[in-house]
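Atoms considered below: every heavy atom in the structure, side chains included; atoms not considered: hydrogens, waters and symmetry mates. Note on naming: letters A, B, ... go to the chains in the order of the sequence lines (proteins, then strands), and numbering restarts at 1 for each one.
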Protein chains: 2
Amino acid sequence: MSSSVINPESLAQKLADSGLRNTPQREVVYSALLTKRDHPTADEVYARVRSDISSISLATVYNCLEALVQCHLVRAVNFERGPTRYCPNLAPHAHFHDEATGATFDIDLPSEILSKVTSILPPGYDAEAVDIIFRGKTTGTR
Amino acid sequence: MSSSVINPESLAQKLADSGLRNTPQREVVYSALLTKRDHPTADEVYARVRSDISSISLATVYNCLEALVQCHLVRAVNFERGPTRYCPNLAPHAHFHDEATGATFDIDLPSEILSKVTSILPPGYDAEAVDIIFRGKTTGTR
DNA sequence: CTTGCGATTTAGAACCATTACAACTTGATT
DNA sequence: AATCAAGTTGTAATGGTTCTAAATCGCAAG
């Protein structure tokens, strides 16, 4: 049933663009994400896709999610799988995470930018904190 | 040596403001963060403070870090300890994490706000992705 | 076809950051 | 000194994720 949500060709195409194959497992995992867009965890996806492919394993769900992230069809919200890092800088600032070295840098965050960002929240959302995290590379001319 | 960096009175004061006591362990942990501001992990802090208090335990380092976060002297960069969540929404958007229910919501991110945010990056920082995460409560009138 | 081969899936073990627990210590208050 | 709460410690447990090795799949060349 949930398989009616996706266009398997575009999925296959996106996977192929990243050098990956399409598989029934990847289809049902992607379909599970599209059917109920509630930011499920890997475990929750696992629970949902078992009705489509009862033999699927949790490891495969992780593999499929990683494949979907890799071909830019899905975003991982809590990207950082590593340990929590601690920062004593109390001034408002964003973080830049260098994916090559793993280093984290503070990026100054002007208050008018911060207030612009918080202004995107519709009424009813009461934010106590905002985290802005860039990921990418740093170049020599820094 | 690293203990020369902090003003123990202000630390004690901040802790007291949150109903917490000052302890030698909390002092050296905080001092370790101030001395080398490289966003260390709990393990790295543990390694550094052992030269100050050789008997300190990793559990205490976690406790101290949590105390410092609680009294707003330190920020935890990868706050989300829970499982990674997956999101098939490809449009630029921020995330709002409701701390009461654990639910995650997409927040529309106008492209002009996004470009303002990325504009804070100094030259030499090449961001491939930006994550903007709000944390807080949602109210009834949403 | 069919054989070969790399990619994928699977089950289960291993890993690692973090938390829980229970005993012990400390330190402020009476 | 006695009390009591808060903090520390070592260790065990937890839980999300990754690893491993074996089985399977599916395309591609012969």
- Item | Modelled atom types, side-chain donor and acceptor of B:Arg26 and B:Tyr30, under 3.5 Å | no

- Message: Looking only at side-chain N and O atoms, does A:Asp98 offer a donor or acceptor that is under 3.5 Å from a partner on A:Thr138?
- Response: yes

- Short side-chain N/O contact from B:Ser55 to OP1 or OP2 of D:dT9, under 4.0 Å: yes

- Under 3.5 Å, side chain of A:Glu44 to main-chain N/O of A:Thr41, donor-acceptor pair present? yes

Within the sub-3.5 Å range, which N or O atoms of nucleotides 20-27 of chain D have a protein N or O partner, and how far apart are they?
none

- Length of the line joining B:Glu27:CD and C:dG27:C1', which is rounded to integer Å: 15 Å

- From D:dG16, D:dG7, C:dT9, nucleotide with atom closest to A:Arg26 side chain: C:dT9

- Query: Rounded to whole angstrom units, what separation is found between the CG atom of A:Leu65 and the C1' atom of D:dT18?
  - Reply: 14 Å

- Query: Taking atom CD1 of B:Ile113 and atom CD1 of B:Ile107, what is their separation to the nearest 0.5 Å?
  - Reply: 13.0 Å

- Measure from CG on A:Asn63 to C1' on D:dG16 and round the result to the nearest Å. 15 Å

- Side-chain contact test, heavy atoms from C-beta onward, threshold under 4.5 Å: evaluate it for B:Asp106 versus B:Cys87 and give yes or no. yes

- Query: Side-chain N or O of B:Ser57 less than 4.0 angstrom from OP1 or OP2 on D:dT8?
  - Reply: no

- Donor-acceptor pair, A:Arg85 side chain versus B:His39 backbone, under 3.5 Å? yes

- Query: Any side-chain donor-acceptor pair under 3.5 Å between B:His95 and B:Asp131?
  - Reply: no

- Specify the separation, in whole Å, of atom CG of B:Leu68 and atom P of D:dG7. 12 Å

- Message: Between C1' on C:dT8 and OH on A:Tyr62, what's the gap in Å once rounded to a whole number?
- Response: 18 Å

- Task: Give a yes/no answer on whether the side chain of B:Gln25 brings an N or O atom under 4.0 Å of OP1 or OP2 in C:dT26.
- Result: no

- Task: Identify, between B:Leu58 and B:Tyr86, the residue whose nearest nucleotide on DNA chain D lies closer to the 5' end.
- Result: B:Leu58

- Check whether any side-chain nitrogen or oxygen of A:Thr23 sits under 4.0 Å from OP1 or OP2 of C:dT8, and answer yes or no. no

- Message: On the nucleotide D:dG16, are OP1 or OP2 found under 4.0 Å from the side-chain N or O atoms that B:Thr84 carries?
- Response: no

- Whole angstrom value for the distance that separates P of C:dT26 from CD1 of B:Ile56: 14 Å

- Message: Measure CD/A:Gln70 against C1'/C:dT8 and give the value in whole Å, please.
- Response: 14 Å

- Query: What is the distance from OH of A:Tyr46 to P of C:dT9, rounded to the nearest Å?
  - Reply: 14 Å

